[in-house]
Protein chains: 2
Amino acid sequence: MKKNQTFGTSNKSARRPSGATAGREATRLAKEQKILQAAEEVFAEVGFAGATTSAIACKAGLPKANVHYYFRTKEDLIHAVLENILTLWLDSADVIVETADPAEALSSYIRSKIEYSRDRPNASKVFASEILHGAPYLEGFLRNQLKDRVDFKTGVIKKWIERGLMDPVPPEHLFFLIWSATQTYADFDCQVAAVLGRRKKPKPEDFDQAAEFITNIVLKGCGIKSGK
Amino acid sequence: MKKNQTFGTSNKSARRPSGATAGREATRLAKEQKILQAAEEVFAEVGFAGATTSAIACKAGLPKANVHYYFRTKEDLIHAVLENILTLWLDSADVIVETADPAEALSSYIRSKIEYSRDRPNASKVFASEILHGAPYLEGFLRNQLKDRVDFKTGVIKKWIERGLMDPVPPEHLFFLIWSATQTYADFDCQVAAVLGRRKKPKPEDFDQAAEFITNIVLKGCGIKSGK
DNA sequence: GTCTATAGCGCGATAGAC
DNA sequence: GTCTATCGCGCTATAGAC
């Protein structure tokens, strides 16, 4: 049972030697995607330990053994799900560069994080659940890829501060606030729904209001001039 | 939560007639507390489904059957843990009343939420994990006790807004932001630690800096005059 | 490549000795 | 009240027929 491995090493499409036709390849990929999507839902609903491969197979419309054929173990499966998520996640944050206008960059970042919570709540929940429970598998990701990205972005914030574009806030904590404030609309959606008096999930306009509110409070709270 | 096969609402200290059993009573309560504490740790580490009663018993220093004697099922046990947590939680937020100074009340609230994250991270994690996974058991709590409290507090915020003490922000979303921004230092502590370059857990001064930053951004972001 | 049938194990819960 | 010993279930994972 190996834990602390790093990302980016396993490329699936390169490893099948047989003379498979393009059609079979497509079928295989389609099934893999079906399984991954079902797995994301099930892991989000009941967590890693609570998830059963048979529930995942059922939701994907396949027999259980098929799941184990494509992803040998349950651990392999959640790793694949997380890899999917993290790739999306990291790519969504490239608006924060030194030459950008701070108000526009942060607004855009917050807006896209909220949209992410609205459109892919399960992805957010799977990630949250793993982090919550100490996520030995994610340790490497957090301390390498994520830390590097954040170090770069905190550098941008510091430049903005030096140039007098915003107040001297601790940049890491600013990111913690933006991440948590936006992700809570996915991770804790049932709490949000309960407090707002929604039946089951928050409504689309709740997400809009959230984006507007978080943007306002961050911009004004950091002393950033709105717009340009 | 029921203890014995005896039915009904058994209050612990009220139902034993003889004073001679006080020593036994104390032993029983001590063991219950031991189990609850161990359960909180284990649930926080691996979630409800991942937790095993034998792991809890082991951490509490008791045989497994003893755990089942005090708390018949694993579900009874997590309900007891959550009840413990929720009581603490709700009581911590009574500083927000209309006659208070907004800056002082919100500062104090944020400070106590952060201290809570620092001192009882496991409690926060157990709650978060349940909410994350839809928490059917907590549905009632969220829609009744919590909603009532929040309705009352949003009323206070609205009064402050009417009196021109702060900007017109959507009060529910303000609470979502405060909750998420403070709880993230408990729930996602390993992410915070990784980004801040800490070895395992965030350091005490990280929590202090968090409290100061969140307070500043909330007060300034809501247009509240600091201090009085 | 796919699926049925099952091995093998660890779990929650309990019976019953003390 | 306490704990040992165990039962029965449901899980992950796989062997082996198609």
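Letters go in sequence order (proteins before strands), and every chain restarts at 1.
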[X] [atom1] - [N] [atom2] separation (whole Å):
X     : N      : atom1 : atom2 : result
A:L29 : C:dG1  : CG    : P     : 10 Å
A:E32 : C:dG1  : CD    : C1'   : 13 Å
A:D76 : D:dT14 : CG    : P     : 10 Å
A:I56 : D:dT12 : CD1   : C1'   : 11 Å
B:I35 : D:dT2  : CD1   : C1'   : 12 Å
A:H68 : D:dA15 : NE2   : P     : 13 Å

Show the distances under 3.5 angstrom between N or O atoms of the protein and N or O atoms of nucleotides 3-6 of chain C.
from	atom 1	to	atom 2	distance (Å)
C:dC3	OP2	A:N66	ND2	2.5

*Output yes when A:E45 and A:K125 qualify as a salt bridge under the 4.0 Å nitrogen-oxygen rule, no when they do not.*
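So A:E45 does not pair with A:K125 through a salt bridge.
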
*Could you tell me whether B:D148 and B:R143 have a side-chain N and a carboxylate O separated by less than 4.0 Å?*
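No, this pair does not count.
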
*Classify the nucleic acid contact of A:A55 as base, sugar-phosphate or nothing, counting any heavy atom under 4.0 Å across all strands shown.*
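Counting heavy atoms under 4.0 Å across all strands, no contact is made by A:A55.
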
*At under 4.0 Å, does any side-chain N or O of A:R72 touch on OP1 or OP2 of D:dT12?*
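Checking A:R72 against D:dT12: no side-chain N or O falls below 4.0 Å of OP1 or OP2.
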
*Go through the steps to decide whether B:R120 and B:E115 satisfy the test salt bridge (Lys or Arg N to Asp or Glu O under 4.0 Å), and finish with yes or no.*
CA-CA 8 Å; B:R120 299 282 307 269; B:E115 283 171 3; over 6 Å; no

*Establish, for the pair B:K31 and B:Y70, whether the NZ or CZ atom is under 6.0 angstrom from the six-membered ring centre and no further than 45 degrees off its axis.*
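Verdict for B:Y70: no cation-pi partner in B:K31.
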
*Once the angle between the rings of B:Y185 and A:H173 is folded into 0 to 90°, is it parallel (under 30°), tilted (30 to 60°) or perpendicular (over 60°)?*
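Answer is parallel, since the angle falls under 30°.
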
*Aromatic ring proximity A:W89/A:F127, centre distance under 6.0 Å*: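 When the ring centroids of A:W89 and A:F127 are compared, they turn out to be within the sub-6.0 Å range.
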
